[in-house]
Novice: 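Here you go, one structure.
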Amino acid sequence: QVRLEESGGGSVQAGGSLRLSCAASDHTYRSGCMGWFRQAPGQEREGVASLYSGGDSTFYADSVKGRFTISQGDAKNTVYLQMANLKPEDTAMYYCAADLLCIRGSWGPDPLSFSNRGQGTQVTVSS
């Protein structure tokens with residue numbers, strides 16, 4: 001299976017920024033969808049952002065809209081999540097996800113439905 005590897009997590013104060021990266025081990029996801037979801041301790045997983053590979057449109061959960069930006073590298077095997085104006089409630093393990101089949105959720109392709117996922121990277125935001 002194609003490996004997805006996240007990087008870029010860390011600790012930051014509220015109002016700060018972080019950029020997460022996710023690299024796929026090959027170019028399988030030049031088509032399909034890629035995205036990010038997160039999970040905080042004791043809470044359900046939450047889809048954060050997604051895109052159609054090679055497309056122009058990006059999609060966001062309301063909780064991050066206007067603060068997070070998802071983008072894809074030119075080779076289409078890397079996806080980024082630029083996070084700005086971070087809040088303590090953004091603290092979670094962030095996972096990259098991808099699939100050749102894009103199932104649409106309430107706000108766009110649903111990262112929670114993507115079959116391939118990375119191991120996650122921790123983001124901690126202190127107040």
Side-chain angles (χ1 to χ4, degrees):
Q1 188 176 12
V2 178
R3 294 189 311 276
L4 300 176
E5 184 170 356
E6 303 95 339
S7 61
S11 297
V12 66
Q13 289 191 326
S17 299
L18 282 174
R19 189 191 195 213
L20 306 184
S21 300
C22 170
S25 57
D26 67 21
H27 292 85
T28 296
Y29 300 114
R30 281 182 295 186
S31 59
C33 289
M34 300 187 78
W36 295 87
F37 68 91
R38 65 188 181 186
Q39 187 167 26
Q43 297 188 22
E44 294 185 356
R45 294 175 303 164
E46 178 189 20
V48 172
S50 63
L51 51 75
Y52 292 101
S53 286
D56 294 328
S57 298
T58 54
F59 305 87
Y60 301 94
D62 286 344
S63 58
V64 305
K65 195 175 295 183
R67 302 187 297 120
F68 290 12
T69 304
I70 187 172
S71 61
Q72 197 172 32
D74 291 340
K76 304 297 185 283
N77 68 327
T78 305
V79 65
Y80 306 99
L81 187 68
Q82 179 69 47
M83 305 184 294
N85 191 20
L86 283 160
K87 304 176 181 180
E89 52 262 44
D90 294 318
T91 295
M93 186 72 80
Y94 283 72
Y95 298 87
C96 173
D99 205 321
L100 294 176
L101 177 65
C102 302
I103 297 175
R104 191 172 179 89
S106 61
W107 48 262
D110 184 3
L112 297 180
S113 72
F114 298 169
S115 61
N116 197 1
R117 300 163 181 178
Q119 294 300 306
T121 185
Q122 178 68 37
V123 171
T124 302
V125 184
S126 58
S127 58

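Note that this is a predicted model, so its numbers are computed, not measured.
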Novice: Can you pull out every side-chain hydrogen bond (donor to acceptor under 3.5 Å, both in side chains) where at least one residue sits in residues 4-14? Sequence neighbours excluded, please.
Specialist: none
Novice: Among residues at least two apart in sequence or on other chains, which ones pass side-chain contact (heavy atoms from CB on, under 4.5 Å) with Ala49?
Specialist: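 Here the qualifying residues are Tyr60, Ile70, Leu81.
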Novice: Going by the rule ring pair (Phe, Tyr, Trp, His ring centres under 6.0 Å), which residues pair with Tyr80 if we only count those two or more places apart in sequence or in a different chain?
Specialist: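 In terms of ring pair (Phe, Tyr, Trp, His ring centres under 6.0 Å), with neighbours along the sequence ignored, Tyr80 is linked to no residue.
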Novice: Give me each pair satisfying ring pair (Phe, Tyr, Trp, His ring centres under 6.0 Å) with a member in residues 81-125, each pair once, sequence neighbours excluded.
Specialist: Phe37-Tyr95
Novice: So which heavy atom on Pro109 is nearest to which on Ser50, and how close?
Specialist: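 Nearest heavy atoms, Pro109 then Ser50: O-OG, 2.7 Å.
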Novice: In Å and rounded to the nearest 0.5 Å, what is the CE to OG distance from Met34 to Ser71?
Specialist: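 It is 11.0 Å, given to the nearest 0.5 Å.
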Novice: The test is side chain to side chain contact (heavy atoms under 4.5 Å, CB included); show your working for Ser17 and Val12 and say whether it passes.
Specialist: CA-CA 7 Å; Ser17 299; Val12 66; over 6 Å; no
Novice: What closest approach, in Å, do Ser113 and Ile103 show between heavy atoms, and which atom pair accounts for it?
Specialist: OG-CB, 3.6 Å
Novice: To check you understand the geometry: which heavy-atom pair defines the closest contact between Ala97 and Pro111, and what is its length?
Specialist: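 Closest approach of Ala97 to Pro111, heavy atoms only: CB-O, 3.7 Å.
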Novice: Who are the salt bridge (charged side-chain N to carboxylate O under 4.0 Å, His left out) partners of Lys65, not counting sequence neighbours?
Specialist: Asp62
Novice: Arg117 side chain to Leu4 main-chain N or O, any donor-acceptor pair under 3.5 Å?
Specialist: no
Novice: With Ser53, which residues qualify under side-chain hydrogen bond (donor to acceptor under 3.5 Å, both in side chains), at least two apart?
Specialist: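 Ser53 satisfies side-chain hydrogen bond (donor to acceptor under 3.5 Å, both in side chains) with Gln72 only.
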Novice: Show me, pair by pair, the donor-acceptor contacts under 3.5 angstrom made by side chains of residues 82-89, not counting sequence neighbours?
Specialist:
none

Novice: With salt bridge (Lys or Arg N to Asp or Glu O under 4.0 Å) as the rule and sequence neighbours excluded, what pairs involving residues 30-42 come up?
Specialist: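 For residues 30-42, and leaving out neighbouring residues, the salt bridge (Lys or Arg N to Asp or Glu O under 4.0 Å) pairs sorted by first residue read Arg38-Glu46, Arg38-Asp90.
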Novice: Please output the side-chain donor-acceptor pairs of residues 119-127 that fall under 3.5 Å, not counting sequence neighbours, one pair per line with the distance.
Specialist:
from	atom 1	to	atom 2	distance (Å)
Thr121	OG1	Gly9	N	3.1
Gln122	NE2	Ala92	O	3.4
Gln122	NE2	Thr124	OG1	3.4

Novice: Measuring from Phe68:CZ to Leu20:CG, what's the distance to the nearest 0.5 Å?
Specialist: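 Interatomic distance, Phe68 CZ to Leu20 CG, rounded to 0.5 Å: 8.0 Å.
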Novice: Under the criterion side chain to side chain donor-acceptor pair (under 3.5 Å), which of Asn77, Thr78, Asn116 is the partner of Tyr29?
Specialist: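 Between Tyr29 and the candidates, side chain to side chain donor-acceptor pair (under 3.5 Å) is satisfied uniquely by Asn116.
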Novice: Output all residues satisfying side-chain hydrogen bond (donor to acceptor under 3.5 Å, both in side chains) with Asp26, sequence neighbours left out; order by chain, then residue number.
Specialist: Thr28
Novice: Indicate if Leu112 and Met93 have the same hydrophobic cluster label, given that clusters are the connected sets of ILVMFWY residues with side-chain heavy-atom separations under 4.5 angstrom.
Specialist: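 Yes, because Leu112 and Met93 connect within a single hydrophobic cluster, where side-chain heavy atoms sit under 4.5 Å apart.
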Novice: Got a sec, which pairs hit salt bridge (Lys or Arg N to Asp or Glu O under 4.0 Å) with one end in residues 95-110, sequence neighbours left out?
Specialist: none
Novice: What are the two closest non-hydrogen atoms of Val79 and Cys96, and how far apart are they?
Specialist: CG1-SG, 3.8 Å
Novice: Would you please name every residue forming a side-chain contact (heavy atoms from CB on, under 4.5 Å) with Asp74, sequence neighbours left out?
Specialist: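 By the side-chain contact (heavy atoms from CB on, under 4.5 Å) rule, Asp74 matches no residue at all.
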